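Take a look at the structure set out below.
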There are 2 protein chains.
Amino acid sequence: MAGFKGLDFDAANCPVRDVLDHLAGKWTTLLLIMLAERPHRFGELRRGLPDISQRMLTQSLRDLQRDGLVSRHVHPTVPPSVEYRLTALGGSLLEPLAALITWAADNHATIRSAREAFEQATAA
Amino acid sequence: MAGFKGLDFDAANCPVRDVLDHLAGKWTTLLLIMLAERPHRFGELRRGLPDISQRMLTQSLRDLQRDGLVSRHVHPTVPPSVEYRLTALGGSLLEPLAALITWAADNHATIRSAREAFEQATAA
DNA sequence: CTGGATCCAAAATGATACTG
DNA sequence: CAGTATCATTTTGGATCCAG
């Protein structure tokens, strides 16, 4: 249950960090989940995430595109429309990600109560 | 492969964010992994993560303790020694986390080359 | 409609010095 | 040994204006 021994966790050149940094951002995970359902246009994504600024939306999408998790398809219409979709690589990330999300959903209540208990204990 | 429909991803009160925020931090994941092997003392953890500041080590450990993923055991010796260990809850997180780490290790090379290709394409 | 550019506020992290 | 406190710095995110 803890076969981490063989992996490289050197903080500098860490394979894991490249992935975790995506989940770290406030929005990338949500974007991956939205795109898991189906491809979306820029405006759809913005409306789906009501409190994202368009700056962060652009930036998050570029980060995902940069690492090959999401592809960008421009339709040369007027006005222009751009569609984002998961790549095969991005799709393959969904499975381990789903496991994590399931764990989070299952243990959310436990974490919440642990947190409250901790606050109480340290409030003194 | 994408059964996310039923889950709550409201950015504000999102169960998932409580978990992801831990993995987001620069250090918490590494700490979980170290503690997965065996309990560690404060100084051991610091030596194991050469470039962590003791400020961040303390803070990260407190965050993990706060959410019930790690427990803190003080041995009233002189000088004092404090041992950190994974709780059952923390241990249960390791499995989905391991899946993610495995994915990261498997696809690291692909991500790296996608990144380089992207840099090249946008360098023009 | 899509998104680049700029400016600014806030949060995260690091460096250093000090304490029980 | 295991922290706490403070300050400086870096990083991140948001608001706004502009352009193809």
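Small disclaimer: the values here were computed from a predicted structure and weren't measured.
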Length of the line joining [X]:[atom1] and [N]:[atom2], which is rounded to integer Å:
| X | N | atom1 | atom2 | value |
| --- | --- | --- | --- | --- |
| B/Asp21 | C/dA11 | CG | C1' | 12 Å |
| B/Trp27 | D/dT11 | CH2 | P | 13 Å |
| B/Phe42 | D/dT4 | CZ | C1' | 11 Å |
| B/Ile52 | C/dA15 | CD1 | P | 11 Å |
| B/Lys26 | D/dT9 | NZ | P | 17 Å |
| B/Glu44 | D/dG3 | CD | P | 13 Å |
| B/Leu30 | C/dT13 | CG | C1' | 15 Å |
| B/Leu45 | D/dA2 | CG | C1' | 12 Å |

> Going by heavy atoms closer than 4.0 Å, what residues in residues 57-80 of chain A are next to DNA chain D?
Replying inline: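 Hits under 4.0 Å, by residue number: A/Pro80.
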> With B/Arg115, which residues qualify under salt bridge (Lys or Arg N to Asp or Glu O under 4.0 Å), at least two apart?
Replying inline: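 Only A/Asp18, A/Asp67 meet the salt bridge (Lys or Arg N to Asp or Glu O under 4.0 Å) criterion with B/Arg115.
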State which of [options] makes the closest approach to the side chain of [X].
| X | options | result |
| --- | --- | --- |
| A/Gln54 | D/dG14, D/dT4, C/dA5 | C/dA5 |
| B/Arg55 | C/dT6, C/dT13, C/dT2 | C/dT13 |
| A/Met56 | D/dG14, C/dA5, D/dA2 | D/dG14 |
| A/Tyr84 | C/dG14, D/dG13, C/dG3 | C/dG3 |
| B/Ser81 | D/dA2, C/dG14, D/dG14 | D/dA2 |

> Closest nucleotide of DNA chain D for B/Arg41 versus for A/Ala24: which of these residues is on the 5' side?
Replying inline: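 Looking at DNA chain D, the more 5' nearest nucleotide goes with B/Arg41.
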> Going through the distances and angles, do B/Glu44 and B/Arg38 end up as a side chain to side chain contact (heavy atoms under 4.5 Å, CB included)?
Replying inline: CA-CA 11 Å; B/Glu44 288 180 317; B/Arg38 61 172 174 80; 3.5 Å; yes
> Do the charged groups of A/Glu83 and A/Arg72 touch, with an N to O distance under 4.0 Å?
Replying inline: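 Between A/Arg72 and A/Glu83 there is no salt bridge, as every charged N stays at least 4.0 Å from the carboxylate O atoms.
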> Taking it one step at a time, do A/Tyr84 and A/His73 satisfy side chain to side chain contact (heavy atoms under 4.5 Å, CB included)?
Replying inline: CA-CA 6 Å; A/Tyr84 293 89; A/His73 306 270; over 6 Å; no
> Given A/Ile52 and A/Leu30, is the side chain to side chain contact (heavy atoms under 4.5 Å, CB included) satisfied, shown in steps?
Replying inline: CA-CA 11 Å; A/Ile52 193 175; A/Leu30 286 309; over 6 Å; no
> Is B/Leu64 reachable from A/Phe118 through a run of I, L, V, M, F, W or Y residues, each pair having side-chain heavy atoms under 4.5 Å apart?
Replying inline: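 A/Phe118 and B/Leu64: separate clusters.
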> Is it the case that one hydrophobic cluster holds both A/Leu35 and A/Val74, taking links as side-chain heavy atoms less than 4.5 Å apart, direct or via other members?
Replying inline: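 Yes, same cluster.
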> What closest approach, in Å, do A/Ala36 and A/Leu94 show between heavy atoms, and which atom pair accounts for it?
Replying inline: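 Heavy atoms of A/Ala36 and A/Leu94 come nearest at CB-CD1, 3.4 Å.
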>> For B/Asp106 and B/Thr102: C-alpha separation, side-chain torsions, deciding distance, then whether side chain to side chain contact (heavy atoms under 4.5 Å, CB included) applies.
In response: CA-CA 6 Å; B/Asp106 289 349; B/Thr102 300; 3.6 Å; yes
> Paired stems touching DNA chain C, three or more consecutive Watson-Crick or G-U pairs with both distances under 3.5 Å?
Replying inline: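 Stems found: C:1-20 with D:1-20.
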